[in-house]
2 protein chains.
Amino acid sequence: MRPDPFQRNCGSRQVIDRIGDRWSVLVVLTLADGDRRYGELAEHIDGISQKMLTQTLRGLERDGLVTRTVHASVPPRVDYALTGLGRSLLDLVSGLESWATTHLAEVQAARVRYDADLPRRSPTGTARPTRPSRR
Amino acid sequence: MRPDPFQRNCGSRQVIDRIGDRWSVLVVLTLADGDRRYGELAEHIDGISQKMLTQTLRGLERDGLVTRTVHASVPPRVDYALTGLGRSLLDLVSGLESWATTHLAEVQAARVRYDADLPRRSPTGTARPTRPSRR
DNA sequence: CAGCATCCAACGGGATACTG
DNA sequence: CAGTATCCCGTTGGATGCTG
């Protein structure tokens with residue numbers, strides 16, 4: 001009866017998917033050191049579209065990881081904050097962040113090596129049609 | 001000069017994306033306790049297609065997280081294993097797994113609560129076409 | 001067995017325009 | 001300001017068939 005993410009229909013896999021979500025990690029990290037307004041999140045997370053930001057926030061809110069607080073003011077102000085559940089995730093995601101930054105160089109080096117070896121897998125080793133000209 | 005995943009073009013974000021990849025986590029976890037053959041991976045990770053398995057393995061291999069060893073035998077045998085870099089990720093991904101399993105119930109409860117409140121946002125509160133009948 | 005190649009449907013996600 | 005609603009195209013990813 002233990003949750004097993006290796007089973008396709010187990011909820012724990014959905015949880016992993018949510019955390020593994022491209023933007024969820026960055027949103028949670030941004031909320032790590034305090035509440036943030038919608039616009040602040042959008043500004044801080046470079047490259048996120050508002051559609052994705054909203055969608056990500058709704059997902060996190062639905063899963064009980066963040067709260068959404070609407071202040072009745074003009075102009076409107078909406079604050080997002082981590083819940084206790086969300087904070088319990090902080091060690092994990094910040095660990096993810098630090099792993100990514102500390103091992104970035106190694107990963108990039110590995111990529112260069114891998115890509116350099118790739119031509120050997122080509123038919124003749126010459127005239128490699130990386131992109132078969134489309135169509 | 002520190003890598004900053006909040007910048008759209010920083011490599012550290014790509015690293016986070018790779019880890020956050022839907023299948024990468026499960027593949028790494030499967031390789032946690034030893035080498036595995038291609039078929040074993042496919043069997044253990046329920047629901048993964050061979051296209052996705054291959055694609056995920058190539059990505060992990062490219063990033064230097066797993067090795068691919070071809071044994072010249074008939075029938076062919078290919079073993080996948082974590083590299084040192086890959087193993088350095090184990091604490092993180094297993095932490096992710098345990099978080100997912102231990103907090104699964106809370107997340108699911110939060111979802112039920114959230115979804116129960118959703119009708120209030122509907123126009124009338126009745127006749128909610130959750131799935132617009134397809135088409 | 002361990003894949004690669006191809007086709008195609010479904011979804012993700014960006015850009016844009018509009019609203020309370 | 002903080003969204004929602006639409007359009008629309010690129011990518012994802014499953015299914016199928018073939019190969020060393």
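Naming: A, B, ... by sequence-line order, numbering from 1 per chain.
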Check your understanding: Rounded to whole angstroms, how far apart are CG on A/D46 and C1' on C/dG14?
Key -> 14 Å

Exercise for review: State whether A/R77 and A/D79 are salt-bridged, where the test is any N-O pair (Lys NZ or Arg NE/NH1/NH2 against Asp/Glu carboxylate O) under 4.0 Å.
Suggested key: yes

Exercise for review: Identify the residue among A/L29, A/L92, A/T102 that makes a side-chain contact (heavy atoms from CB on, under 4.5 Å) with A/E97.
Suggested key: A/L29

Review point. Within the structure, does a side-chain N or O atom of B/R68 lie under 4.0 Å from either OP1 or OP2 of C/dA2?
Key: no

Check your understanding: So which one's nearest nucleotide on DNA chain D is more toward 5', A/Q50 or A/P75?
Key -> A/P75

Exercise for review: Tell me which nucleotide among D/dG14, C/dC4, D/dG3 gets nearest to the side chain of A/V78.
Suggested key: D/dG3

Point to revise | A/T54 vs A/Y38, side chain to side chain donor-acceptor pair (under 3.5 Å): CA-CA, chis, key distance, verdict | key: CA-CA 9 Å; A/T54 300; A/Y38 182 88; 2.9 Å; yes

Review point. Can you tell me how far C1' of D/dG3 sits from CG of A/L41, to the nearest Å?
Key: 13 Å

Study note, to complete from the structure: Quick note, A/K51 side chain, CB onward, closest among C/dT6, D/dT6, C/dC1 is D/dT6

Check your understanding: At under 4.0 Å between heavy atoms, what does A/Q55 touch on the DNA or RNA strands: base, sugar-phosphate, or nothing?
Key -> nothing

Exercise for review: In whole angstrom, give the distance that lies between atom CD1 of A/I48 and atom C1' of C/dG14.
Suggested key: 12 Å

Review point. OP1 or OP2 of C/dA2 less than 4.0 angstrom from a side-chain nitrogen or oxygen of B/R37, does that happen here?
Key: yes

Exercise for review: Taking only the side-chain nitrogens and oxygens of B/Y38, find out if one of them lies under 4.0 Å from OP1 or OP2 of C/dC4.
Suggested key: no

Review point. Can you tell me how far P of C/dC1 sits from OH of B/Y80, to the nearest Å?
Key: 15 Å

Review point. Should A/R22 be listed as having a side-chain N or O under 4.0 Å from OP1 or OP2 of C/dG13?
Key: no

**Study point:** B/R113 and B/Q108 side chains, donor-acceptor separation under 3.5 Å
**Key:** no

Exercise for review: Can you tell me the distance, in whole Å, between the CD atom of B/E43 and the P atom of C/dC1?
Suggested key: 11 Å

**Study point:** Selected nucleotide, minimal atom distance to B/T54 side chain, candidates D/dG13, C/dG3, D/dG3
**Key:** C/dG3

Review point. In whole Å, what is the span from the CG atom of B/L53 to the C1' atom of D/dA15?
Key: 16 Å

Review point. How many Å lie between CH2 on A/W23 and C1' on C/dG12, as a whole number?
Key: 12 Å

Review point. Atom CG of A/L26 to atom P of C/dG13: distance rounded to whole Å?
Key: 13 Å

Study note, to complete from the structure: Given the options A/T56, A/I19, A/L90, A/V28 meets side-chain contact (heavy atoms from CB on, under 4.5 Å) only with A/L90

